[in-house]
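So the structure is just underneath, and the comments pick up after that.
No hydrogens, no waters, no symmetry mates; every other heavy atom, side chains included, goes into these values. Since the structure is predicted, the reported quantities are computational estimates derived from the model, not experimental observations. Proteins get letters first, then strands, A, B, ... in listed order; numbering begins at 1 in each.
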Amino acid sequence: MADRIVTFESVHGALKAEKAIREAGLKADAISVPRRLSSDCGIALRFDVGDEGAVTKELSQHNISFRGIYDYEG
Amino acid sequence: MAVFQDTAAANPGRSGHHMSVEAGRVLYDTRARLASLFGIEDPLRIAFTLNATMALNIALRGFIKSGDHVVTTSMEHNSVARPLRWAESMGVGLSIVQADSQTGQVDPADIIKAVTPSTTLIVMTHASNVTGTIMPVVEVGEFARSKGIALLVDTAQTAGAVPIDVEAMGIDMLAFTGHKSLFGPMGTGGLYVRPDLEVESLLRGGTGSRSEEDVQPEFMPDRLESGTPNTIGAAGLGAGLRFIEETGLDRIKERKQELVERFLEGLAGLGGVTVYGLPNTAGRLSVVALNLDGLDCSETANRLDRDYDIMVRAGLHCSPWAHKSIGTYPEGAVRFSFGYFNTDDEIDAALSALKEIKGG
């Protein structure tokens, strides 16, 4: 199963997103941001590729800005 | 707080491991509860601080610029008065609107009259910490919004005591403390800043975000929240907020009004007592400042403490302006403040103690 990850401006934004995504009945795991994407010491959310549309919809509905969505290379 | 210390006492927002993430969730949960209590749409517009004083200083120092004019009231705590006097010494214009000497109330028309073309900010307390008088924030907020003037409100006395809605009240910046009516521990508080309002940070660095950059992030809360936050305190504040949600703010407010009504009625029957502020419970918090005629306020307070185990605060309450406004400067007054957990019996005990002190 392929996964995607979404990165945010800050951990506070990531955790706001995590709450919104989970409350919408979707799965999201908080993980450390991979170094290849950012040198931030923050966290990213990992989700199922099939949920991408639903996840981005939740983010825009809750006015949560994110930095980028990438493939997860675990 | 004990659960937090055992399970999640890692640095929030600094790392991806599960304890750090859990700590971040605790912060976010408390932020979200605060946002809900104050009618704030985005919890991330709230930055945690150690107390209301710090929040007010960040707002005042970070918003006011040289050449600005600021309007405030004579009922402010010195957490507002001192930063404003400092700003004045740096070339900022300041107008202090006088409160009514009997009620401690400020007339919104007087605030409007004090505004000049260079006024950028109105700063006012939501309620006096001396007299408990609730101020006309809604009227001022409506005016400020229509003129594009920012409104900063000090809710140290009112957050968790009376309903607050930043949108309905036209509040652009709101400073609060956790350790009073929000039932949180000391060392908790915060500042709300409306979207698109620019407040420069006092502190820089230690945000856990944008580690590759040498400039402070401009997004909230990181912009105003430098350094490791008091996360265990936020856990305690979150528990306090849950208590308010479960009990109901209206019920808490009603109960405190009953207590203050009982006290004011009792005082009226005593005689020889001067009570400051509004004559009855309407428009006042459960704070009562008084003096026993002919007795120094510190003597009254000492005897209440020593002989009756009743703890009150005597003196100027960090608010010399307010005491000047109501005519109790420099003598001060004795201030009783009642909480939700006080009982009728305790009110009666305070009244009979005052009666005995007065008599003897």
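Taking CG from B:D222 and NE2 from A:H12, the interatomic distance works out to 4.5 Å, rounded to the nearest 0.5 Å. Note: A:L15 CG to B:E22 CD = 9.0 Å, rounded to the nearest 0.5 Å.
The environment of CZ in A:R4 is crowded: more than 12 heavy-atom neighbours from other residues, nucleotides or ligands sit within 6.0 Å. More than 12 heavy atoms of other shown residues, nucleotides or ligands fall within 6.0 angstrom of atom CG in B:D6. Heavy atoms from other residues, nucleotides or ligands lying under 6.0 Å from CD of B:E218 number 12 at most. Sparse packing is recorded around CD of B:E41, with 12 or fewer heavy atoms of other residues, nucleotides or ligands lying under 6.0 Å away. By the 6.0 Å contact criterion, NZ on B:K65 is enclosed, its count of non-hydrogen atoms from other residues, nucleotides or ligands being greater than 12.
Shown here for B:S209 and A:E9, the closest heavy-atom pair between the two residues is CB-O, 3.6 Å. Across all their heavy atoms, B:H17 and A:S32 have their closest contact at N-OG, 4.5 Å.
Contact annotation: the side chain of B:V21 approaches that of A:I43 to within less than 4.5 Å [non-hydrogen atoms, C-beta and beyond].
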Run the numbers on A:K19 and B:D29 for salt bridge (Lys or Arg N to Asp or Glu O under 4.0 Å), then give the verdict. CA-CA 9 Å; A:K19 194 161 188 261; B:D29 179 74; 5.1 Å; no

